[in-house]
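Just follow the structure's listing: the first ligand is 1, and inside any ligand the first atom is 1.
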Amino acid sequence: MDSSQNSKKWSISALIPENHPRKESLVIREKIVEGVEEGYVAPQGLIAHGRGECFDYLFGEKTQHFAIEAIRASVALLLLAKYPVISVNGNMAALVPREIVELAREVNAKIEVNLFYRTPERERAIEKILKESGAQEVLGVGEDASATIPELFSERRRVSPRGILIADVVLLALEDGDRTEALVKMGKKVIAIDLNPLSRTARSASITIVDNIIRSFPLLIKYAKEMKKLRKEELEETLKKYDNKAVLSSSLKFLSQRLSEISL
Ligand code: PTJ
């Protein structure tokens with residue numbers, strides 16, 4: 001990074017006053033902007049982030065009970081999986097790189113880069129971030145993304161034959177609906193983290209965590225550490241009781257109740 005970029009970063013953080021009521025949100029926003037400037041976040045990732053911010057605002061910028069329920073079921077599913085994979089895009093690499101690596105370690109999952117706006121430069125930049133965050137192996141980069149998800153026409157169709165292609169459980173976030181639907185059609189269980197409970201991804205996933213990845217990744221790690229101690233039957237019981245439709249409906253009810261309370 002040259003000195004002009006360094007001074008730019010310094011001036012941006014100086015522009016956000018310490019006591020700004022929305023400092024945290026602005027600092028997170030800066031991480032996405034930095035990712036765009038450095039080329040690993042797609043410019044469209046800025047729009048996706050803004051959409052997420054809007055939903056997060058409505059959810060009170062807190063992890064709500066329906067997300068906790070989905071997080072616990074996700075951990076049970078990941079711990080019971082034979083071959084779990086965490087799929088990583090640009091926004092995830094910008095916001096939660098260390099958490100992705102730690103969760104993968106806790107549940108013994110592979111990490112794979114999968115991009116809608118795929119370019120070799122972005123793949124390599126995301127691989128570098130994940131490796132700097134402690135990942136031993138990152139799948140889906142270059143020649144490794146040689147397999148194809150059937151009936152999918154975006155660049156997201158390209159996956160690793162050692163990763164998503166053979167996975168039984170895939171965890172993904174900030175995703176377009178097509179791939180989630182295609183993965184479910186292939187018989188895989190999909191865990192989606194998406195702040196929009198109305199999105200196609202949210203509605204077609206096996207488990208939908210309606211929460212910000214910033215909060216849900218640390219919680220997934222926390223519950224993985226705790227739930228690893230449970231017996232297989234107990235994990236199966238958690239999954240059996242889980243109802244994704246009810247969780248999605250609960251998130252929508254929360255939104256409508258919150259809006260009516262505010263509008264009184
Ligand atoms: O890095 P690439 O090339 O794979 O591209 C990634 C983006 C994000 C650009 C691409 O997948 C995209 O355009 O996504 P969408 O269709 O805009 O969907 C993003 C979804 O994620 C929306 O429903 C947002 O509400 C939600 N979202 C945004 N930020 C967060 C989020 N969900 C959880 N945590 C967030 N921080």
Side-chain angles (χ1 to χ4, degrees), residues 24-36 38-64 66-67 70-71 74 86-97 99-100 103 111-127 129-130 138 140-141 145 149 152 154-159 164 170-183 190-205 207-220 248 251-252 255:
E24 209 182 315
S25 170
L26 295 178
V27 168
I28 293 167
R29 197 181 269 188
E30 274 324 305
K31 288 190 187 177
I32 297 286
V33 171
E34 191 182 310
V36 173
E38 290 182 11
Y40 56 87
V41 174
Q44 294 82 351
L46 291 167
I47 299 166
H49 185 77
R51 193 138 50 122
E53 276 186 349
C54 178
F55 278 103
D56 209 15
Y57 197 83
L58 295 173
F59 284 120
E61 291 172 317
K62 285 198 178 81
T63 303
Q64 301 296 345
F66 45 81
I71 287 171
S74 301
I86 303 178
S87 178
V88 183
N89 64 19
N91 290 52
M92 290 168 79
L95 296 183
V96 283
E99 291 82 355
I100 291 167
L103 179 64
I111 299 175
E112 177 165 341
V113 176
N114 183 277
L115 304 175
F116 189 83
Y117 302 102
R118 193 184 265 277
T119 65
E121 294 74 22
R122 288 191 64 217
E123 287 171 24
R124 281 196 297 272
I126 293 169
E127 177 188 35
I129 291 168
L130 292 167
V138 177
V141 178
I149 300 176
L152 193 62
S154 73
E155 279 297 297
R156 283 214 195 279
R157 73 186 184 281
R158 304 212 286 122
V159 292
I164 290 170
V170 180
L171 185 153
L172 46 81
L174 285 96
E175 175 91 20
D176 58 291
D178 287 0
R179 188 169 67 125
T180 305
E181 283 172 0
L183 290 172
V190 176
I191 300 167
I193 310 175
D194 192 336
L195 277 160
N196 177 4
L198 296 166
S199 77
R200 236 163 4 110
T201 301
R203 305 206 83 78
S204 48
I207 299 179
T208 310
I209 302 173
V210 183
D211 193 22
N212 198 321
I213 55 169
I214 288 279
R215 294 185 301 270
S216 41
F217 263 91
L219 284 169
L220 282 162
L248 286 172
S251 70
L252 289 170
L255 280 185

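- Using a 4.0 Å cutoff on heavy atoms, Arg156 counts as a contact of ligand 1.
- Distances below 4.0 Å separate heavy atoms of Gly90 from the following atoms of ligand 1: 1 (O).
- Ligand 1 has Asp211 within reach: a non-hydrogen atom of the residue lies less than 4.0 Å from it.
- In this structure, Asn212 counts as a contact residue of ligand 1, since one of its heavy atoms falls inside 4.0 Å of the ligand.
- Taking only non-hydrogen atoms, the option from Val96, Leu174, Ile47 nearest to atom 27 (N) of ligand 1 is Leu174.
- Checked by atom type and distance alone, the side chain of Gln64 pairs as donor or acceptor with a backbone atom of Phe59 at under 3.5 Å.
- Protein heavy atom at the shortest distance from atom 17 (O) of ligand 1 is Arg51 NH2, 2.8 Å.
- Near Asp194, meaning under 4.0 Å from one of its heavy atoms, ligand 1 places the atoms 20 (C), 21 (O), 22 (C), 23 (O), 24 (C), 25 (O), 26 (C), 32 (N).
- Counting the atoms of ligand 1 from 1 in the order shown, those under 4.0 Å from a heavy atom of Arg122 are 1 (O), 2 (P), 3 (O).
- Shown here, atom 13 (O) of ligand 1 is out of close reach of the protein: none of its heavy atoms lies under 4.0 Å off.
- Nearest protein heavy-atom contact of atom 5 (O) of ligand 1 is Tyr117 CD1, 3.8 Å.
- Relative to atom 4 (O) of ligand 1, the option among Phe116, Phe217, Tyr40 with the closest non-hydrogen atom is Phe116.
- With hydrogens and angles disregarded, a donor-acceptor distance shorter than 3.5 Å links the side chain of Asn89 to the backbone of Leu174.
- Taking every non-hydrogen atom of Leu195 and a distance limit under 4.0 Å, the qualifying atoms of ligand 1 come out as 30 (C), 31 (C), 32 (N), 33 (C), 34 (N), 35 (C).
- Protein heavy atom at the shortest distance from atom 34 (N) of ligand 1 is Ile213 N, 3.0 Å.
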side-chain contact (heavy atoms from CB on, under 4.5 Å) between Glu30 and Glu34, worked out: CA-CA 6 Å; Glu30 274 324 305; Glu34 191 182 310; 5.8 Å; no
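- Note that CD of Glu24 is 8.0 Å distant from CD of Glu61, once rounded to the nearest 0.5 Å.
- With rounding to the nearest 0.5 Å, the separation of CD in Gln44 from CG in Asp176 is 12.0 Å.
- By heavy-atom distance, the residue among Ala202, Ser216, Gly45 lying nearest atom 9 (C) of ligand 1 is Gly45.
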Steps toward side chain to side chain donor-acceptor pair (under 3.5 Å) verdict (Ser87, Asn114): CA-CA 6 Å; Ser87 178; Asn114 183 277; 4.5 Å; no
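- Residue Arg51 holds its CZ atom at 13.0 Å from CG of Leu46, rounded to the nearest 0.5 Å.
- Atom CZ of residue Arg156 and atom CG of residue Leu115 lie 7.0 Å apart, to the nearest 0.5 angstrom.
- With Thr180 contributing its side chain and Thr201 its backbone, the two residues share no donor-acceptor pair below 3.5 Å.
- Listed by number with element, the atoms of ligand 1 under 4.0 Å from a non-hydrogen atom of Ala48 are 8 (C), 17 (O), 19 (C), 24 (C), 28 (C), 29 (N).
- For the pair Asp178 and Arg157, the salt-bridge criterion is not met [side-chain N within less than 4.0 Å of a carboxylate O].
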